[in-house]
Amino acid sequence: MDFFRTFLLPLLDRINQRIGGVVLVLLSVIVGAIGSIGVAHGAETKVSGVIAVDNIWRMSGSPYVLQGEVIVDQGAVLTIEPGTEIRMESGASFTLKQGTLFGRGTSSQPIVITSANLSKAPGDWGLWRFLSGTKSPETILENVRFEYGSGIVLQGASPILNRISVINHAGPAIKSDLKSSPSGYGLEASGNEINAILMSTGVISDQVTWGLTGIPYLIQRGLVEVGAGNQMQFEPQDVRVGLSESALVKLILDEPAPAGGKQIAISSLPGGYIDALADLNVPEGSKEVQFSIEGRSVGSGILKAAQAELGTAQANFTVVELPQLGMSAQYANVAVHMPYSASVILPIAAPVGGAKIKLVAEPADWAELPAEVVVAEGQQEAQFIFKAISSGGFDLAASSSGYRTAVTRILSSQMKLGLDTEKLRQAIPTGETRATSLLLSHPSPVGGLTVNLATENPSVAKVLDSALVVPEGVTSLVDGVRVRGILEGSTFINASASGALNGNSGISVKDPVSLKFVLHGDAPKLFVGTGMLNRGGVNIARVKRGEFFDDNVALVVSLKCVNGSYCSVPSQVTIPAGGRNVMVPVEGIIEGETVIEASAVNALPTSLPVVVEEPTGEFSGYYEFYYKNQGYENSISICWGSSDRSMAQYQISSQDRVFDLSLVDKNPANVADAIRGSGIVVTSARIPAGERCVEGFDVSHTGIGSYRLRATSSSGKNYDSSVITVKPDHGLEFDSCGDGCRDLSVARGLSSNFTIRTVNFGNGEPTPVELTIRLRCVDSSICSVPAEIKIPENTGSWGDGPTIPLTGINFGETTVEAEVISHPLIYPEIYRAPVTVEEGAIYIPEWNPEYKVSPTPREMEVCFSSWRSYSQSDLTVNIQSSNTSIVNPVDAVHTWPADETCTVFNVKIEAKGSANLTVSAPGVATAQFLIEVRE
């Protein structure tokens, strides 16, 4: 009854007062109810952005989770299967902008559109909108349940909605404008702010149908008129304004205002919610005028315009507590005349088409900034650039319809540059570089700040980087300014940048004198033995400008071992006038590590790490091998020193040193009989004080084998030589290249030659008798050699040894052994050479990939890549060209002669271009060569 009293009867009364031609069809207004039905769940599918092509949401893809604003556009058809569940994330919305939505659930498998939140509440998500681009009557929803959103909105749309449940929404169940003609039955609404279809007010100027049944249509306030009565209207019809904010409203006349304009009365009901002009003048000849209303109190009402001739117009207004815009300046304290960034931030993602944000500064002339910035559709933040114009403070404000204005305070002053003077307080040595920091009073602006650097007198000091870019947001470049001292003197370094106050600092440059320890071999520390004196291995020098220099004044240098129990040095040494350095004797006392310090008046001090260790004995003057009957008399020495061999020559013993001498590790035992000195067997040696070595020893060899020399100190420590080998006087040597190449190599399936030569005392010498030599590959699966060869009498020296073929069988490494079976006493050893069998390959020894067109065939030589390999029989070689019109082999099948490492074939160079020439032979890797032909 309330509906008929408040809406239907007044509406019919108005219809009777209007001109015909417009029909309002009221099918039925009833209230119904439908029960809640469960929905099957499947895999989660994320959906966002624009749907521009046909799509099907299947129950198997459930739930579909909508993020941000999802829009069906460009004529797309979205089909939703029965049982499909759609979950809306916070702030998400759905808009059918241009296209078709078809979703027919069933009573047992309804389509459910609900909140994605675990704890659901009305208003969790936004609106489900049907716009004027909705294709009707193809757009049908049936057995669909909408939950916990902000309702359904119809704007110039006429979908079919059957058995639709709208439950627990923050707002009306359905909101419709006066241009929509929806139809459907069995609708249900419960738990919403308004369980009805809320209609806009205004004039119905076209034929429309209010055809939804099950829940009532509601005109909450204002008037719906049918037909062309009033001659003006508000735009928009529903005005939303924030508390303490303003919103723009436009009044539009059907015809331009006459001469003198039209004065129109503006009022609001109830009062107290908004402030607006009481009278509005539409200028002569104009059809519209724009004015603003300001929200004073949270609530809603009617905005009305009245004029005797034009009738009335009205619009709904709602004053709300608007969401707060956010404003974030990157820095609250900025430099004037320099660009800085700030951002405006929306509480939720921007709608379709984006959100325009107006920007102002207060006072307006204190900053340069854009008039507005647009937050892109689906985004929450947009950045803009501003510049402070004056020093002081100002406010940046951001405002937009539907939001509360955001304000942030900015302080501004001029940028000041500075240098870290503490790091420049000490004089810079000439030739050296000093680093200091560049300082900024404010963060560097957008794009960074270029700072120019220079010294007033570049002959004294020079800035290595004349310009530095301070990155955005940075207030200092630590040690970024590098200054090199050039010439002794004083000057200033200046820092300047556009729009900034200059910074400077005084600097001085001096030529320093410093002390430096100089060790033989540039060793970083000194090693000296206990009871040993280093003389000549250590010097102290004076240095200026990084170079040793002479001075006409003597320099007295004070020295000390920091721990005097480890080492001893003179308390003073003097670098003479005109001299660069002086020797520093260092004596080791007991084992340990310490430091020698050196200082002098008007010179930079220095220090030297010292390691004092037990001295070591070592043999020298011996060879790693000897021939049994070749003598080396009196050539062996025993010396005393430290582990640093480069310093050993400078160390002398401060006392007599006695060693026991012996031969050890003899194999066999009769390889050598004794150590001798001057022909007499000796068992000990003495190094006198003041000496480093004692020499004049040798060893008498009595057999073939190996041994070591040993010296044993009085403390019982042994010092051994490396292994000394005694060889037979006569021997054999392998040679694969004619110049002493000991290693043998061959390609698998091919052969290469080597020879064996005879030597005496290591030198090539013809054999005095014919030799019979047995040969074998240790691993016969890898290679093969002749079982036996002979070296005739008076041959076998350089160049006239026998030629021996080596054949590769399989890939791998092994050894060839040679044993003289005819004279084993003269040649008692088995002689060996390593063998490598590798993959055979073909190459061009003189490769030139560029050729010219020629009517005459050109010779090409190819060889086996393995060292001196050849085939023992003829090989058939296939030669192919990838493009015979460019490079054409004369003989596609070529015979590679036996025993030849290389072969030659002919090709014709026919035309300009490129071609691959492929050469293949049995058992050898195929080779391919790219040939470029030029004109």
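All of these numbers come straight from a predicted model, not from anything done at the bench.
Remark: Ala196 pairs with Ile194, Pro216, Leu218 by the side chain to side chain contact (heavy atoms under 4.5 Å, CB included) rule, at least two apart or across chains. Considering only residues two or more places apart in sequence or on other chains, Phe317 meets the ring-ring contact (aromatic ring centres under 6.0 Å, His included) condition with none of them. Remark: Leu253 pairs with Met232, Ala257, Ile264, Val282, Leu310 by the side chain to side chain contact (heavy atoms under 4.5 Å, CB included) rule, at least two apart or across chains. Scanning for side chain to side chain contact (heavy atoms under 4.5 Å, CB included) contacts around Asp73 gives Val50, Ile71, Lys97, Gln98, with sequence neighbours left out. Qualifying side chain to side chain contact (heavy atoms under 4.5 Å, CB included) partners for Phe102, counting only residues two or more places apart in sequence or in other chains: Thr79, Arg104, Ile140. Glu309 pairs by the salt bridge (Lys or Arg N to Asp or Glu O under 4.0 Å) definition with Lys262, not counting sequence neighbours.
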Next item on the list: Decide yes or no on side-chain contact (heavy atoms from CB on, under 4.5 Å) for Leu303 and Ile266, but give the supporting numbers first.
Entry: CA-CA 7 Å; Leu303 179 66; Ile266 303 294; 3.9 Å; yes
Notebook entry, point to check: Which is it for Ile215 and Asn195 under the side-chain contact (heavy atoms from CB on, under 4.5 Å) test, yes or no, and what are the steps along the way?
Noted result: CA-CA 7 Å; Ile215 60 175; Asn195 293 315; over 6 Å; no
Checklist line | Test side-chain contact (heavy atoms from CB on, under 4.5 Å) applied to Leu359 and Leu396, step by step | finding: CA-CA 7 Å; Leu359 302 173; Leu396 286 179; over 6 Å; no
Item checked: Steps toward side-chain contact (heavy atoms from CB on, under 4.5 Å) verdict (Glu294, Arg296) -> CA-CA 6 Å; Glu294 186 171 352; Arg296 288 302 180 195; 3.4 Å; yes
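Interatomic distance, CG of Asn192 versus OG of Ser150, reported as 10.5 Å (0.5 Å rounding). With values rounded to the nearest 0.5 angstrom, Leu96 atom CG is found 3.5 Å from Thr134 atom OG1. The distance from the CG atom of Asn162 to the CG atom of Leu212 is 9.0 Å, given to the nearest 0.5 Å. The CD1 atom of Ile302 sits 5.0 Å away from atom CD of Gln314, with the distance rounded to the nearest 0.5 Å. Between the CZ atom of Arg129 and the CZ atom of Phe94 there is a distance of 10.5 Å, given to the nearest 0.5 Å. Remark: Leu66 CG to Ile113 CD1 distance equals 9.0 Å, nearest 0.5 Å.
Ionic pairing of Lys46 and Glu44 is present here: one or more N-O contacts between side-chain nitrogen and carboxylate oxygen are shorter than 4.0 angstrom.
Annotation: side chain of Leu101 is not in contact with side chain of Pro159 (no heavy-atom distance under 4.5 Å). No side-chain heavy atom of Phe384 sits under 4.5 Å from any side-chain heavy atom of Ile357. Counting only heavy atoms from C-beta outward, the side chains of Trp128 and Ile174 never approach each other to under 4.5 Å. Inter-residue side-chain proximity for Tyr217 and Ser176 is flagged as unmet; no heavy-atom pair is nearer than 4.5 Å. For the pair Thr114 and Asp124, the minimum side-chain heavy-atom distance is 4.5 Å or more. Under the 4.5 Å side-chain criterion, counting only non-hydrogen atoms from C-beta, Leu280 is in contact with Leu251. Taking 4.5 Å as the limit, every side-chain heavy atom of Met327 sits out of range of all side-chain heavy atoms of Thr405. You'll find the side chain of Thr318 stays beyond 4.5 Å of the side chain of Asp238, heavy atoms only.
Heavy-atom neighbours of Lys120 NZ from other residues, nucleotides or ligands within 6.0 Å: above the threshold of 12.
When all heavy atoms of Ser48 and Gln67 are compared, the closest pair comes out as CB-O, 3.5 Å. Across Met199 and Asp177, no two heavy atoms sit closer than the pair CE-O, 3.6 Å. The two atoms that bring Val319 and Gly295 nearest to each other are CG1-CA, 3.8 Å, heavy atoms only. Between Arg58 and Thr84, the shortest heavy-atom distance links the atoms C-OG1, 3.4 Å. The shortest non-hydrogen separation linking Asn143 to Ile164 is N-CD1, 4.5 Å. The nearest pair of heavy atoms linking Asp54 to Gly75 is OD1-O, 4.3 Å.
Thr100 places no side-chain N or O within donor-acceptor distance of the main-chain N or O of Val77, the cut-off being under 3.5 Å. Side-chain atoms of Glu377 come within 3.5 Å of backbone N or O of Gly353 as a donor-acceptor pair. A distance-only check finds a donor-acceptor pair linking the side chain of Ser136 to the backbone of Ser158 [under 3.5 Å]. The backbone N or O of Lys358 sits nowhere less than 3.5 Å from a side-chain atom of Ser400 that would complete a donor-acceptor pair. Listed for the Tyr403 side chain is no donor-acceptor partner under 3.5 Å among the backbone atoms of Pro347. Although no hydrogens or angles enter the test, the distance criterion places no donor-acceptor pair under 3.5 Å between the side chain of Ser246 and the main chain of Ser292. Here the side chain of Ser165 pairs no donor or acceptor atom with the backbone of Arg145 at under 3.5 angstrom. Judged by distance alone, with hydrogens and angles left aside, the side-chain atoms of Gln380 form a donor-acceptor pair with the main-chain N or O of Leu346 at under 3.5 Å. Counting only distance, with no hydrogens or angles, the side chain of Glu81 and the backbone of Met59 share a donor-acceptor pair below 3.5 Å.
There is a side-chain donor-acceptor pair under 3.5 Å between Arg163 and Tyr185. For the residue pair Gln231 and Asp254, no side-chain donor N or O sits within less than 3.5 Å of a side-chain acceptor on the partner.
Applying the side-chain contact (heavy atoms from CB on, under 4.5 Å) test between Ser180 and each of Leu154, Val153, Val208, Ile197 identifies Leu154 as the sole match.
Taking the six-membered ring where tryptophan is involved, the planes of Phe146 and Trp125 are tilted, since the angle between them lies from 30° to 60°.
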